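Taking it in order: structure first as C-alpha coordinates, then the write-up.
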Amino acid sequence: MSSAQNEKVVSQTDDLEKGEQKIPEIAKSDVVIAETEPYSKKTPIWTLLAKWGVETRGIDPVPIQERTRTDYYNIFLMWTSILCNLLPVVTGMAGTLGYGLSLRDSSLVIIFFNLVCCIITAFMGTLGPRTGMRQVIQARYSFGLYSVSVIAILNLVAIVGFTLISTIITGQTLSAVSDGKMTVIVGIVLAGILGLVVSFCGYRVLHMFNKYSWVITFVSMIICVGCGGKHLNVSVPTESATAPVVLTFGCLIAGFQLPFAGIMSDFAVYYSPNAPVKRMFWYVYAGQTIPTIILMTLGAAIGACVPNVESWNDGYNAYSAAGVLEAMLRPAGGFGKFIAVLLAFSLIGNIASSMYTISLNFQALATPAALIPRTIYAIITTIIMIPTAIKASESFFSSLENFLGIVSYWPGAFGAIVCIEHFYFRRSDTSTYDHAIWKDGEQLPPGIAAIGAGILSFGLVVPCVDTAWFVGPIARITGDIGFEVAVAVASLLYVPFRMVEIRVCGHL
(Lines give C-alpha, C1' and ligand atoms only; values in the text may rest on other atoms or scores of the structure.)
Protein backbone atom coordinates (compact mmCIF):
# COMPACT_ATOMS: atom_id res chain seq x y z
CA MET A 1 0.00 0.00 0.00
CA SER A 2 1.37 3.44 -0.88
CA SER A 3 2.01 6.09 1.77
CA ALA A 4 -0.71 8.29 0.29
CA GLN A 5 -3.22 5.49 0.64
CA ASN A 6 -2.08 4.83 4.19
CA GLU A 7 -2.58 8.48 5.14
CA LYS A 8 -6.04 8.49 3.58
CA VAL A 9 -7.14 5.34 5.38
CA VAL A 10 -5.75 6.29 8.79
CA SER A 11 -7.35 9.75 8.60
CA GLN A 12 -10.84 8.26 8.60
CA THR A 13 -12.73 7.92 11.89
CA ASP A 14 -14.97 5.02 12.67
CA ASP A 15 -18.29 5.95 11.06
CA LEU A 16 -20.13 3.38 13.12
CA GLU A 17 -19.44 5.57 16.13
CA LYS A 18 -20.12 8.81 14.27
CA GLY A 19 -23.45 7.49 13.17
CA GLU A 20 -23.34 8.78 9.61
CA GLN A 21 -21.09 9.12 6.59
CA LYS A 22 -20.26 12.69 5.63
CA ILE A 23 -21.40 12.87 2.03
CA PRO A 24 -22.77 15.99 0.36
CA GLU A 25 -26.54 16.26 0.66
CA ILE A 26 -28.43 15.24 -2.42
CA ALA A 27 -31.93 15.99 -3.57
CA LYS A 28 -34.73 13.79 -2.33
CA SER A 29 -36.80 12.09 -5.01
CA ASP A 30 -38.28 8.75 -5.93
CA VAL A 31 -36.07 5.77 -6.52
CA VAL A 32 -34.68 5.64 -10.04
CA ILE A 33 -34.79 2.04 -11.13
CA ALA A 34 -33.60 2.23 -14.71
CA GLU A 35 -30.66 -0.04 -15.54
CA THR A 36 -27.45 1.69 -16.54
CA GLU A 37 -26.24 -1.37 -18.42
CA PRO A 38 -26.93 -1.56 -22.17
CA TYR A 39 -29.74 -4.12 -22.39
CA SER A 40 -32.37 -1.83 -20.85
CA LYS A 41 -31.61 0.84 -23.40
CA LYS A 42 -31.28 -1.32 -26.47
CA THR A 43 -34.32 -3.56 -25.93
CA PRO A 44 -37.75 -1.89 -26.09
CA ILE A 45 -39.36 -4.40 -23.75
CA TRP A 46 -37.07 -3.40 -20.86
CA THR A 47 -37.72 0.28 -21.51
CA LEU A 48 -41.45 -0.43 -21.34
CA LEU A 49 -41.10 -2.50 -18.16
CA ALA A 50 -39.10 0.28 -16.52
CA LYS A 51 -41.91 2.73 -17.29
CA TRP A 52 -44.36 0.38 -15.58
CA GLY A 53 -42.24 0.38 -12.41
CA VAL A 54 -40.31 -2.86 -12.94
CA GLU A 55 -36.71 -2.63 -11.75
CA THR A 56 -34.39 -3.36 -14.65
CA ARG A 57 -31.14 -2.64 -12.82
CA GLY A 58 -28.88 -5.58 -12.15
CA ILE A 59 -25.73 -5.79 -10.08
CA ASP A 60 -24.07 -2.57 -11.24
CA PRO A 61 -23.51 -0.10 -8.35
CA VAL A 62 -26.19 2.54 -7.84
CA PRO A 63 -24.80 6.05 -8.53
CA ILE A 64 -24.94 8.49 -5.62
CA GLN A 65 -27.49 10.72 -7.39
CA GLU A 66 -29.93 7.79 -7.50
CA ARG A 67 -29.55 6.85 -3.82
CA THR A 68 -32.29 9.14 -2.57
CA ARG A 69 -34.60 7.17 -0.26
CA THR A 70 -34.86 8.58 3.25
CA ASP A 71 -37.70 6.46 4.69
CA TYR A 72 -35.15 4.57 6.74
CA TYR A 73 -37.75 2.92 9.00
CA ASN A 74 -38.95 0.97 5.97
CA ILE A 75 -35.90 -1.31 6.14
CA PHE A 76 -37.21 -2.42 9.57
CA LEU A 77 -40.59 -3.25 8.03
CA MET A 78 -38.87 -4.99 5.12
CA TRP A 79 -37.00 -7.42 7.35
CA THR A 80 -39.96 -7.84 9.69
CA SER A 81 -42.07 -9.00 6.76
CA ILE A 82 -39.36 -11.28 5.37
CA LEU A 83 -39.18 -13.06 8.73
CA CYS A 84 -42.75 -12.72 10.01
CA ASN A 85 -44.14 -15.93 8.54
CA LEU A 86 -44.34 -19.66 9.16
CA LEU A 87 -40.65 -20.39 8.54
CA PRO A 88 -39.41 -19.30 12.01
CA VAL A 89 -42.33 -21.16 13.60
CA VAL A 90 -41.37 -24.38 11.85
CA THR A 91 -37.68 -23.86 12.72
CA GLY A 92 -38.54 -23.33 16.38
CA MET A 93 -40.54 -26.55 16.42
CA ALA A 94 -37.34 -28.43 15.60
CA GLY A 95 -35.93 -27.53 19.03
CA THR A 96 -38.57 -29.44 20.95
CA LEU A 97 -39.74 -31.97 18.35
CA GLY A 98 -36.42 -32.72 16.68
CA TYR A 99 -33.81 -32.22 19.42
CA GLY A 100 -35.95 -33.10 22.45
CA LEU A 101 -35.19 -29.88 24.31
CA SER A 102 -37.61 -28.40 26.81
CA LEU A 103 -39.47 -25.20 25.96
CA ARG A 104 -37.29 -23.27 28.40
CA ASP A 105 -34.02 -24.57 26.97
CA SER A 106 -35.18 -24.13 23.38
CA SER A 107 -36.25 -20.55 24.11
CA LEU A 108 -32.93 -19.65 25.69
CA VAL A 109 -31.01 -21.07 22.73
CA ILE A 110 -33.29 -19.23 20.29
CA ILE A 111 -32.87 -15.89 22.06
CA PHE A 112 -29.10 -16.11 22.54
CA PHE A 113 -28.08 -17.30 19.09
CA ASN A 114 -30.44 -14.93 17.29
CA LEU A 115 -29.16 -11.93 19.25
CA VAL A 116 -25.53 -12.85 18.54
CA CYS A 117 -25.81 -13.85 14.88
CA CYS A 118 -27.83 -10.79 13.88
CA ILE A 119 -25.01 -8.46 14.95
CA ILE A 120 -23.06 -9.54 11.86
CA THR A 121 -26.01 -9.42 9.48
CA ALA A 122 -27.29 -6.06 10.74
CA PHE A 123 -23.88 -4.46 10.32
CA MET A 124 -23.62 -5.73 6.76
CA GLY A 125 -27.04 -4.26 6.08
CA THR A 126 -25.67 -0.79 6.87
CA LEU A 127 -23.19 -1.01 3.98
CA GLY A 128 -25.90 -0.90 1.32
CA PRO A 129 -26.71 2.81 1.60
CA ARG A 130 -23.06 3.81 2.10
CA THR A 131 -21.70 1.94 -0.92
CA GLY A 132 -24.69 1.62 -3.22
CA MET A 133 -23.55 -1.93 -3.95
CA ARG A 134 -25.23 -5.30 -3.68
CA GLN A 135 -23.69 -7.52 -1.02
CA VAL A 136 -21.91 -9.87 -3.42
CA ILE A 137 -20.43 -6.89 -5.28
CA GLN A 138 -19.13 -5.43 -2.01
CA ALA A 139 -17.48 -8.80 -1.43
CA ARG A 140 -15.33 -8.21 -4.52
CA TYR A 141 -13.37 -5.66 -2.47
CA SER A 142 -12.05 -8.49 -0.32
CA PHE A 143 -12.56 -11.63 -2.45
CA GLY A 144 -11.65 -10.07 -5.80
CA LEU A 145 -13.40 -10.22 -9.16
CA TYR A 146 -12.99 -13.94 -9.77
CA SER A 147 -12.88 -15.61 -6.35
CA VAL A 148 -16.16 -13.93 -5.42
CA SER A 149 -17.84 -16.36 -7.81
CA VAL A 150 -17.37 -18.99 -5.10
CA ILE A 151 -19.31 -16.77 -2.68
CA ALA A 152 -22.04 -16.24 -5.28
CA ILE A 153 -22.39 -20.02 -5.72
CA LEU A 154 -22.57 -20.61 -1.96
CA ASN A 155 -25.08 -17.77 -1.69
CA LEU A 156 -27.20 -19.39 -4.36
CA VAL A 157 -27.15 -22.75 -2.57
CA ALA A 158 -28.26 -21.17 0.71
CA ILE A 159 -30.94 -18.88 -0.73
CA VAL A 160 -32.39 -21.51 -3.04
CA GLY A 161 -32.50 -23.91 -0.09
CA PHE A 162 -34.48 -21.46 2.02
CA THR A 163 -36.81 -20.75 -0.89
CA LEU A 164 -37.46 -24.45 -1.36
CA ILE A 165 -38.37 -24.81 2.31
CA SER A 166 -40.71 -21.81 2.15
CA THR A 167 -42.54 -23.12 -0.92
CA ILE A 168 -42.91 -26.53 0.73
CA ILE A 169 -44.45 -25.00 3.86
CA THR A 170 -46.88 -23.00 1.72
CA GLY A 171 -47.84 -26.08 -0.29
CA GLN A 172 -48.31 -28.26 2.80
CA THR A 173 -50.43 -25.63 4.54
CA LEU A 174 -52.74 -25.14 1.55
CA SER A 175 -53.09 -28.91 1.20
CA ALA A 176 -53.90 -29.29 4.90
CA VAL A 177 -56.56 -26.56 4.72
CA SER A 178 -58.25 -28.27 1.77
CA ASP A 179 -58.13 -31.65 3.53
CA GLY A 180 -55.94 -32.99 0.76
CA LYS A 181 -58.18 -31.85 -2.11
CA MET A 182 -55.37 -29.52 -3.18
CA THR A 183 -52.17 -31.52 -3.36
CA VAL A 184 -48.91 -30.27 -1.91
CA ILE A 185 -47.59 -30.14 -5.47
CA VAL A 186 -50.23 -27.62 -6.55
CA GLY A 187 -49.52 -25.49 -3.49
CA ILE A 188 -45.80 -25.48 -4.22
CA VAL A 189 -46.39 -24.44 -7.83
CA LEU A 190 -48.73 -21.65 -6.72
CA ALA A 191 -46.22 -20.36 -4.17
CA GLY A 192 -43.43 -20.38 -6.74
CA ILE A 193 -45.45 -18.46 -9.32
CA LEU A 194 -46.68 -15.82 -6.85
CA GLY A 195 -43.14 -15.31 -5.54
CA LEU A 196 -41.89 -14.95 -9.10
CA VAL A 197 -44.46 -12.26 -9.92
CA VAL A 198 -43.47 -10.09 -6.96
CA SER A 199 -39.71 -10.60 -7.45
CA PHE A 200 -40.01 -9.89 -11.18
CA CYS A 201 -41.12 -6.33 -10.38
CA GLY A 202 -38.00 -5.70 -8.30
CA TYR A 203 -36.89 -3.39 -5.53
CA ARG A 204 -39.78 -0.91 -5.34
CA VAL A 205 -42.56 -3.50 -5.39
CA LEU A 206 -40.72 -5.71 -2.89
CA HIS A 207 -40.47 -2.85 -0.42
CA MET A 208 -44.10 -1.86 -0.98
CA PHE A 209 -45.34 -5.44 -0.54
CA ASN A 210 -43.29 -6.08 2.59
CA LYS A 211 -44.18 -2.73 4.12
CA TYR A 212 -47.69 -3.98 4.92
CA SER A 213 -47.78 -7.77 4.60
CA TRP A 214 -46.40 -8.39 8.10
CA VAL A 215 -49.55 -6.89 9.68
CA ILE A 216 -51.79 -9.60 8.21
CA THR A 217 -49.40 -12.33 9.36
CA PHE A 218 -49.09 -10.86 12.86
CA VAL A 219 -52.87 -10.73 13.35
CA SER A 220 -53.25 -14.24 11.90
CA MET A 221 -50.67 -15.60 14.34
CA ILE A 222 -52.53 -14.07 17.27
CA ILE A 223 -55.77 -15.71 16.10
CA CYS A 224 -53.96 -19.04 15.68
CA VAL A 225 -52.64 -18.90 19.25
CA GLY A 226 -56.07 -17.85 20.49
CA CYS A 227 -57.69 -20.89 18.89
CA GLY A 228 -55.15 -23.47 20.00
CA GLY A 229 -53.57 -21.84 23.02
CA LYS A 230 -55.47 -23.95 25.55
CA HIS A 231 -53.26 -26.92 24.61
CA LEU A 232 -49.93 -25.09 25.03
CA ASN A 233 -49.67 -26.17 28.68
CA VAL A 234 -49.51 -29.90 27.96
CA SER A 235 -45.92 -30.20 26.85
CA VAL A 236 -44.20 -33.59 26.99
CA PRO A 237 -41.62 -34.15 29.77
CA THR A 238 -38.00 -33.90 28.69
CA GLU A 239 -34.60 -34.78 30.06
CA SER A 240 -32.06 -32.17 31.09
CA ALA A 241 -30.35 -30.48 28.16
CA THR A 242 -26.77 -31.41 27.38
CA ALA A 243 -24.16 -29.04 25.97
CA PRO A 244 -23.80 -30.94 22.65
CA VAL A 245 -27.56 -30.79 21.98
CA VAL A 246 -27.75 -27.12 22.91
CA LEU A 247 -24.83 -26.19 20.65
CA THR A 248 -26.15 -28.29 17.78
CA PHE A 249 -29.56 -26.61 17.96
CA GLY A 250 -27.75 -23.29 18.25
CA CYS A 251 -25.94 -24.10 15.01
CA LEU A 252 -29.32 -24.66 13.38
CA ILE A 253 -30.45 -21.19 14.57
CA ALA A 254 -27.22 -19.74 13.18
CA GLY A 255 -27.99 -21.53 9.93
CA PHE A 256 -31.28 -19.65 9.84
CA GLN A 257 -29.78 -16.16 10.31
CA LEU A 258 -26.17 -16.13 9.11
CA PRO A 259 -26.87 -16.90 5.42
CA PHE A 260 -28.53 -13.47 5.24
CA ALA A 261 -25.00 -12.04 5.49
CA GLY A 262 -24.60 -12.64 1.77
CA ILE A 263 -27.66 -10.61 0.77
CA MET A 264 -28.22 -7.91 3.41
CA SER A 265 -27.29 -4.88 1.30
CA ASP A 266 -29.38 -6.01 -1.67
CA PHE A 267 -32.46 -4.38 -0.13
CA ALA A 268 -30.84 -1.08 0.88
CA VAL A 269 -28.85 0.18 -2.14
CA TYR A 270 -31.27 2.99 -2.98
CA TYR A 271 -31.17 4.61 0.46
CA SER A 272 -29.34 7.91 0.85
CA PRO A 273 -25.61 7.59 1.58
CA ASN A 274 -26.28 10.04 4.43
CA ALA A 275 -28.40 7.38 6.18
CA PRO A 276 -27.47 7.39 9.90
CA VAL A 277 -25.48 4.23 10.45
CA LYS A 278 -26.63 3.53 13.99
CA ARG A 279 -30.29 3.92 13.09
CA MET A 280 -29.93 1.66 10.06
CA PHE A 281 -28.14 -0.93 12.19
CA TRP A 282 -30.85 -1.00 14.84
CA TYR A 283 -33.66 -0.98 12.29
CA VAL A 284 -32.19 -4.06 10.60
CA TYR A 285 -31.25 -5.73 13.88
CA ALA A 286 -34.73 -5.25 15.34
CA GLY A 287 -36.40 -6.27 12.07
CA GLN A 288 -34.51 -9.55 12.12
CA THR A 289 -34.49 -10.45 15.82
CA ILE A 290 -37.96 -9.43 17.05
CA PRO A 291 -40.16 -11.49 14.70
CA THR A 292 -37.71 -14.39 14.60
CA ILE A 293 -37.36 -14.78 18.38
CA ILE A 294 -41.11 -14.45 18.99
CA LEU A 295 -42.14 -16.88 16.26
CA MET A 296 -39.37 -19.43 16.89
CA THR A 297 -40.32 -19.47 20.57
CA LEU A 298 -43.96 -19.96 19.60
CA GLY A 299 -42.87 -22.83 17.36
CA ALA A 300 -40.91 -24.41 20.21
CA ALA A 301 -43.99 -24.15 22.46
CA ILE A 302 -46.18 -25.80 19.81
CA GLY A 303 -43.64 -28.52 19.12
CA ALA A 304 -43.41 -29.38 22.81
CA CYS A 305 -47.15 -30.15 22.89
CA VAL A 306 -47.65 -31.97 19.57
CA PRO A 307 -47.22 -35.53 20.95
CA ASN A 308 -49.79 -34.89 23.71
CA VAL A 309 -52.55 -33.34 21.56
CA GLU A 310 -54.16 -35.95 19.34
CA SER A 311 -55.41 -33.62 16.61
CA TRP A 312 -52.06 -31.83 16.44
CA ASN A 313 -50.19 -35.12 16.26
CA ASP A 314 -52.46 -36.38 13.48
CA GLY A 315 -51.95 -33.14 11.57
CA TYR A 316 -48.20 -33.42 12.01
CA ASN A 317 -48.12 -36.98 10.71
CA ALA A 318 -50.20 -36.01 7.68
CA TYR A 319 -48.81 -32.59 6.72
CA SER A 320 -45.84 -31.99 9.03
CA ALA A 321 -45.81 -28.56 10.74
CA ALA A 322 -48.51 -27.20 8.41
CA GLY A 323 -50.91 -29.86 9.66
CA VAL A 324 -50.33 -28.78 13.25
CA LEU A 325 -51.21 -25.15 12.47
CA GLU A 326 -54.35 -26.24 10.59
CA ALA A 327 -55.37 -28.36 13.58
CA MET A 328 -54.87 -25.39 15.92
CA LEU A 329 -57.24 -23.29 13.79
CA ARG A 330 -59.84 -26.04 13.26
CA PRO A 331 -62.06 -24.94 16.18
CA ALA A 332 -62.74 -21.68 14.29
CA GLY A 333 -64.32 -23.57 11.39
CA GLY A 334 -64.35 -21.85 8.01
CA PHE A 335 -62.80 -18.71 9.48
CA GLY A 336 -59.93 -20.82 10.78
CA LYS A 337 -59.33 -22.21 7.29
CA PHE A 338 -59.26 -18.65 5.95
CA ILE A 339 -56.63 -17.68 8.54
CA ALA A 340 -54.59 -20.78 7.66
CA VAL A 341 -54.61 -19.70 4.01
CA LEU A 342 -53.36 -16.25 5.02
CA LEU A 343 -50.57 -17.89 7.02
CA ALA A 344 -49.67 -20.04 4.03
CA PHE A 345 -49.32 -16.95 1.86
CA SER A 346 -47.31 -15.15 4.57
CA LEU A 347 -44.26 -16.75 2.97
CA ILE A 348 -44.74 -15.06 -0.42
CA GLY A 349 -42.76 -11.99 0.67
CA ASN A 350 -39.93 -14.24 1.82
CA ILE A 351 -40.00 -16.28 -1.39
CA ALA A 352 -40.10 -13.17 -3.58
CA SER A 353 -37.21 -11.52 -1.72
CA SER A 354 -35.17 -14.69 -2.05
CA MET A 355 -35.84 -14.95 -5.78
CA TYR A 356 -34.76 -11.33 -6.15
CA THR A 357 -31.38 -11.98 -4.56
CA ILE A 358 -30.98 -15.28 -6.42
CA SER A 359 -31.16 -13.44 -9.73
CA LEU A 360 -28.53 -10.93 -8.58
CA ASN A 361 -26.16 -13.67 -7.49
CA PHE A 362 -26.51 -15.39 -10.86
CA GLN A 363 -25.41 -12.13 -12.49
CA ALA A 364 -22.39 -11.97 -10.19
CA LEU A 365 -21.09 -15.40 -11.17
CA ALA A 366 -19.12 -14.03 -14.11
CA THR A 367 -18.96 -10.86 -16.19
CA PRO A 368 -20.88 -12.33 -19.16
CA ALA A 369 -23.63 -13.50 -16.79
CA ALA A 370 -24.40 -9.88 -15.91
CA LEU A 371 -25.48 -9.24 -19.50
CA ILE A 372 -28.57 -11.42 -18.99
CA PRO A 373 -31.42 -9.49 -17.32
CA ARG A 374 -32.17 -10.21 -13.67
CA THR A 375 -35.75 -11.17 -14.48
CA ILE A 376 -34.66 -13.99 -16.79
CA TYR A 377 -32.73 -15.63 -13.97
CA ALA A 378 -35.79 -15.36 -11.71
CA ILE A 379 -37.88 -17.25 -14.28
CA ILE A 380 -35.23 -19.95 -14.78
CA THR A 381 -34.84 -20.38 -11.02
CA THR A 382 -38.58 -20.86 -10.56
CA ILE A 383 -38.70 -23.52 -13.26
CA ILE A 384 -35.87 -25.48 -11.61
CA MET A 385 -36.97 -24.88 -8.04
CA ILE A 386 -40.55 -26.15 -8.23
CA PRO A 387 -39.77 -29.82 -9.05
CA THR A 388 -36.91 -29.78 -6.53
CA ALA A 389 -39.27 -28.55 -3.80
CA ILE A 390 -41.79 -31.25 -4.70
CA LYS A 391 -39.13 -33.92 -4.19
CA ALA A 392 -37.82 -32.39 -0.93
CA SER A 393 -41.36 -32.20 0.51
CA GLU A 394 -41.44 -35.99 0.82
CA SER A 395 -39.25 -35.79 3.96
CA PHE A 396 -39.70 -32.21 5.06
CA PHE A 397 -38.42 -32.04 8.62
CA SER A 398 -35.28 -34.04 7.92
CA SER A 399 -34.67 -31.82 4.88
CA LEU A 400 -35.04 -28.71 7.05
CA GLU A 401 -32.74 -29.89 9.82
CA ASN A 402 -30.09 -31.19 7.43
CA PHE A 403 -30.10 -28.00 5.38
CA LEU A 404 -30.00 -25.50 8.24
CA GLY A 405 -27.38 -27.61 9.98
CA ILE A 406 -24.81 -27.09 7.21
CA VAL A 407 -25.46 -23.61 5.78
CA SER A 408 -24.16 -21.70 8.81
CA TYR A 409 -20.50 -22.64 8.33
CA TRP A 410 -19.48 -20.67 5.25
CA PRO A 411 -21.47 -17.49 6.14
CA GLY A 412 -19.60 -17.43 9.44
CA ALA A 413 -16.25 -17.31 7.64
CA PHE A 414 -17.59 -14.91 4.99
CA GLY A 415 -19.03 -12.48 7.52
CA ALA A 416 -15.82 -12.46 9.55
CA ILE A 417 -13.67 -11.74 6.47
CA VAL A 418 -15.89 -8.92 5.18
CA CYS A 419 -16.10 -7.29 8.63
CA ILE A 420 -12.33 -7.41 9.16
CA GLU A 421 -11.74 -6.00 5.69
CA HIS A 422 -14.08 -3.08 6.40
CA PHE A 423 -13.04 -2.22 9.95
CA TYR A 424 -9.35 -3.10 9.99
CA PHE A 425 -8.03 -2.65 6.47
CA ARG A 426 -10.41 0.00 5.15
CA ARG A 427 -10.81 1.76 8.49
CA SER A 428 -14.61 1.98 7.97
CA ASP A 429 -14.02 4.30 5.01
CA THR A 430 -16.69 3.51 2.41
CA SER A 431 -15.00 5.77 -0.14
CA THR A 432 -12.45 2.97 -0.59
CA TYR A 433 -15.22 0.93 -2.25
CA ASP A 434 -14.56 2.76 -5.50
CA HIS A 435 -17.36 2.34 -8.05
CA ALA A 436 -14.87 2.86 -10.86
CA ILE A 437 -13.14 -0.47 -10.20
CA TRP A 438 -16.08 -2.73 -9.29
CA LYS A 439 -15.38 -4.98 -12.30
CA ASP A 440 -11.69 -4.26 -12.78
CA GLY A 441 -9.77 -7.38 -11.83
CA GLU A 442 -6.42 -5.56 -11.71
CA GLN A 443 -7.55 -2.81 -9.32
CA LEU A 444 -9.61 -5.05 -7.07
CA PRO A 445 -7.84 -7.35 -4.59
CA PRO A 446 -6.70 -10.68 -6.07
CA GLY A 447 -8.90 -12.40 -3.49
CA ILE A 448 -6.26 -14.99 -2.62
CA ALA A 449 -6.17 -13.90 1.04
CA ALA A 450 -9.95 -14.04 1.46
CA ILE A 451 -10.61 -17.28 -0.36
CA GLY A 452 -7.51 -18.84 1.23
CA ALA A 453 -8.61 -17.90 4.75
CA GLY A 454 -12.10 -19.17 4.07
CA ILE A 455 -11.02 -22.51 2.65
CA LEU A 456 -8.28 -23.18 5.18
CA SER A 457 -10.62 -22.41 8.07
CA PHE A 458 -12.56 -25.53 7.13
CA GLY A 459 -9.56 -27.63 8.09
CA LEU A 460 -10.68 -27.05 11.68
CA VAL A 461 -14.40 -26.56 10.95
CA VAL A 462 -14.91 -30.07 9.55
CA PRO A 463 -13.90 -31.89 12.77
CA CYS A 464 -16.38 -29.67 14.62
CA VAL A 465 -19.52 -30.28 12.56
CA ASP A 466 -22.45 -32.53 13.39
CA THR A 467 -24.53 -33.27 10.29
CA ALA A 468 -26.69 -36.10 8.99
CA TRP A 469 -23.82 -37.24 6.76
CA PHE A 470 -20.80 -36.69 8.99
CA VAL A 471 -20.03 -36.09 12.64
CA GLY A 472 -16.55 -34.80 13.39
CA PRO A 473 -14.47 -36.12 16.27
CA ILE A 474 -14.62 -32.82 18.14
CA ALA A 475 -18.36 -32.50 17.54
CA ARG A 476 -18.92 -35.91 19.15
CA ILE A 477 -17.82 -34.33 22.41
CA THR A 478 -18.89 -30.69 22.08
CA GLY A 479 -21.83 -30.78 19.71
CA ASP A 480 -21.85 -28.77 16.48
CA ILE A 481 -19.57 -25.73 16.90
CA GLY A 482 -18.75 -25.40 13.22
CA PHE A 483 -19.92 -21.83 12.65
CA GLU A 484 -18.18 -20.50 15.78
CA VAL A 485 -14.92 -22.10 14.66
CA ALA A 486 -15.41 -20.75 11.11
CA VAL A 487 -15.72 -17.19 12.44
CA ALA A 488 -12.68 -17.48 14.72
CA VAL A 489 -10.28 -19.28 12.38
CA ALA A 490 -11.16 -17.26 9.27
CA SER A 491 -10.60 -14.05 11.26
CA LEU A 492 -7.20 -15.17 12.53
CA LEU A 493 -6.03 -16.29 9.09
CA TYR A 494 -7.34 -13.37 7.07
CA VAL A 495 -5.38 -10.62 8.84
CA PRO A 496 -1.85 -11.89 8.04
CA PHE A 497 -2.90 -13.20 4.61
CA ARG A 498 -4.37 -9.82 3.64
CA MET A 499 -1.34 -7.93 4.92
CA VAL A 500 0.89 -9.97 2.63
CA GLU A 501 -1.54 -9.53 -0.27
CA ILE A 502 -1.60 -5.73 0.13
CA ARG A 503 2.19 -5.58 0.31
CA VAL A 504 2.58 -7.65 -2.85
CA CYS A 505 -0.13 -5.84 -4.82
CA GLY A 506 0.62 -2.35 -3.56
CA HIS A 507 -3.05 -1.42 -3.10
CA LEU A 508 -6.15 -2.35 -1.14
Side-chain angles (χ1 to χ4, degrees), residues 79 82-83 87-96 98-99 101 105-125 135 151 154-155 157-159 161-162 165 241-264 284-285 287-297 299-300 350 354 399-419 454 457-458 460-468 470-472 474-475 478-491:
W79 282 106
I82 289 175
L83 292 168
L87 187 56
V89 177
V90 174
T91 305
M93 289 176 69
T96 46
Y99 290 93
L101 293 170
D105 294 335
S106 294
S107 300
L108 290 174
V109 173
I110 287 167
I111 293 169
F112 177 78
F113 280 91
N114 272 294
L115 291 177
V116 171
C117 292
C118 286
I119 294 174
I120 296 176
T121 56
F123 158 70
M124 298 183 80
Q135 198 73 62
I151 300 303
L154 293 171
N155 251 351
V157 172
I159 304 166
F162 274 108
I165 292 170
T242 62
V245 175
V246 167
L247 289 172
T248 301
F249 181 50
C251 186
L252 184 139
I253 303 301
F256 184 92
Q257 290 287 15
L258 283 181
F260 287 121
I263 66 173
M264 293 301 299
V284 175
Y285 189 75
Q288 287 193 294
T289 55
I290 292 174
T292 304
I293 289 174
I294 292 174
L295 294 178
M296 279 190 179
T297 303
N350 183 289
S354 297
S399 298
L400 173 67
E401 291 180 18
N402 294 343
F403 172 72
L404 291 181
I406 63 173
V407 296
S408 65
Y409 309 135
W410 79 263
F414 170 75
I417 289 169
V418 171
C419 289
S457 68
F458 275 76
L460 192 53
V461 168
V462 171
C464 300
V465 304
D466 183 353
T467 69
F470 174 77
V471 179
I474 296 177
T478 64
D480 196 325
I481 56 172
F483 93 89
E484 296 96 330
V485 172
V487 171
V489 177
S491 300

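Treat the numbers as computed from the prediction; the structure is a model and nothing was measured.
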Checklist outcome for this item: Heavy-atom nearest pair, Ala416 first then Val487, reads CB-O, 3.7 Å
Checklist outcome for this item: Scanning both residues in full, the closest heavy-atom pair of Gly482 with Val465 reads CA-CG1, 4.3 Å
Checklist entry - Who pairs with Tyr285 by ring pair (Phe, Tyr, Trp, His ring centres under 6.0 Å), at least two apart in sequence or on another chain? => result Phe281, Trp282
Next on the checklist: Thr292: which residues meet the side-chain contact (heavy atoms from CB on, under 4.5 Å) condition with it, sequence neighbours left out?
Outcome noted: Leu83, Asn114, Phe256, Gln257, Met296
Next on the checklist: Run the side-chain contact (heavy atoms from CB on, under 4.5 Å) test on Val462 and Phe470 for me, step by step, so that the C-alpha distance in whole Å, both residues' side-chain angles and the decisive distance to 0.1 Å come before the verdict.
Outcome noted: CA-CA 9 Å; Val462 171; Phe470 174 77; 3.7 Å; yes
Checklist outcome for this item: Residues Ser107 and Thr297: closest non-hydrogen pair is OG-CG2, 3.4 Å
Checklist entry - At their closest point, which heavy atom of Tyr409 faces which heavy atom of Cys251, and how far apart are they? => result CE2-SG, 3.7 Å
Next on the checklist: Could you work out, with side-chain contact (heavy atoms from CB on, under 4.5 Å) as the rule, every residue matching Ala241, not counting sequence neighbours?
Outcome noted: Leu101, Asp105, Val246
Checklist outcome for this item: Rounded to the nearest 0.5 Å, the CD1 atom of Ile119 sits from the OG1 atom of Thr289 at a distance of 10.0 Å
Item to check | Side chains of Phe483 and Val461 in contact at under 4.5 Å (non-hydrogen atoms) | outcome: no
Item to check | Partner set under ring pair (Phe, Tyr, Trp, His ring centres under 6.0 Å) for Phe260, not counting sequence neighbours | outcome: Trp79
Checklist entry - For the residue pair Thr96 and Ser106, what are the closest heavy atoms and their distance? => result CG2-OG, 3.6 Å
Item to check | side-chain contact (heavy atoms from CB on, under 4.5 Å) partners of Ile111, counting only residues at least two apart | outcome: Leu115, Ile293
Checklist entry - Is a donor on one side and an acceptor on the other found under 3.5 Å between the side chain of Asp480 and the backbone of Asp466? => result yes
Next on the checklist: The test is side-chain contact (heavy atoms from CB on, under 4.5 Å); show your working for Glu484 and Leu247 and say whether it passes.
Outcome noted: CA-CA 10 Å; Glu484 296 96 330; Leu247 289 172; 4.2 Å; yes
Item to check | Under the side-chain contact (heavy atoms from CB on, under 4.5 Å) test, residues paired with Ala413 that sit two or more places apart | outcome: Ser457, Ala486, Ala490
Checklist entry - Can any side-chain N or O of Asn155 pair as donor or acceptor with the backbone N or O of Gly262 at less than 3.5 Å? => result yes
Checklist entry - Looking at residues at least two apart in the chain, or sitting in another chain, which of them share a side-chain hydrogen bond (donor to acceptor under 3.5 Å, both in side chains) with Thr121? => result Gln288
Checklist outcome for this item: Sorted by chain and residue number, the ring pair (Phe, Tyr, Trp, His ring centres under 6.0 Å) partners of Phe249 (sequence neighbours excluded) come out as Tyr99
Item to check | Over all atoms of both residues, closest heavy-atom pair of Val485 and Cys464 | outcome: CG2-SG, 3.8 Å
Checklist entry - Checking side-chain contact (heavy atoms from CB on, under 4.5 Å) for the pair Ile253/Phe112: CA distance, chi angles, key distance, verdict? => result CA-CA 10 Å; Ile253 303 301; Phe112 177 78; over 6 Å; no
Item to check | Distance in Å, Ile290 CD1 paired with Leu295 CG, rounded so as to fall on 0.5 Å steps | outcome: 11.5 Å
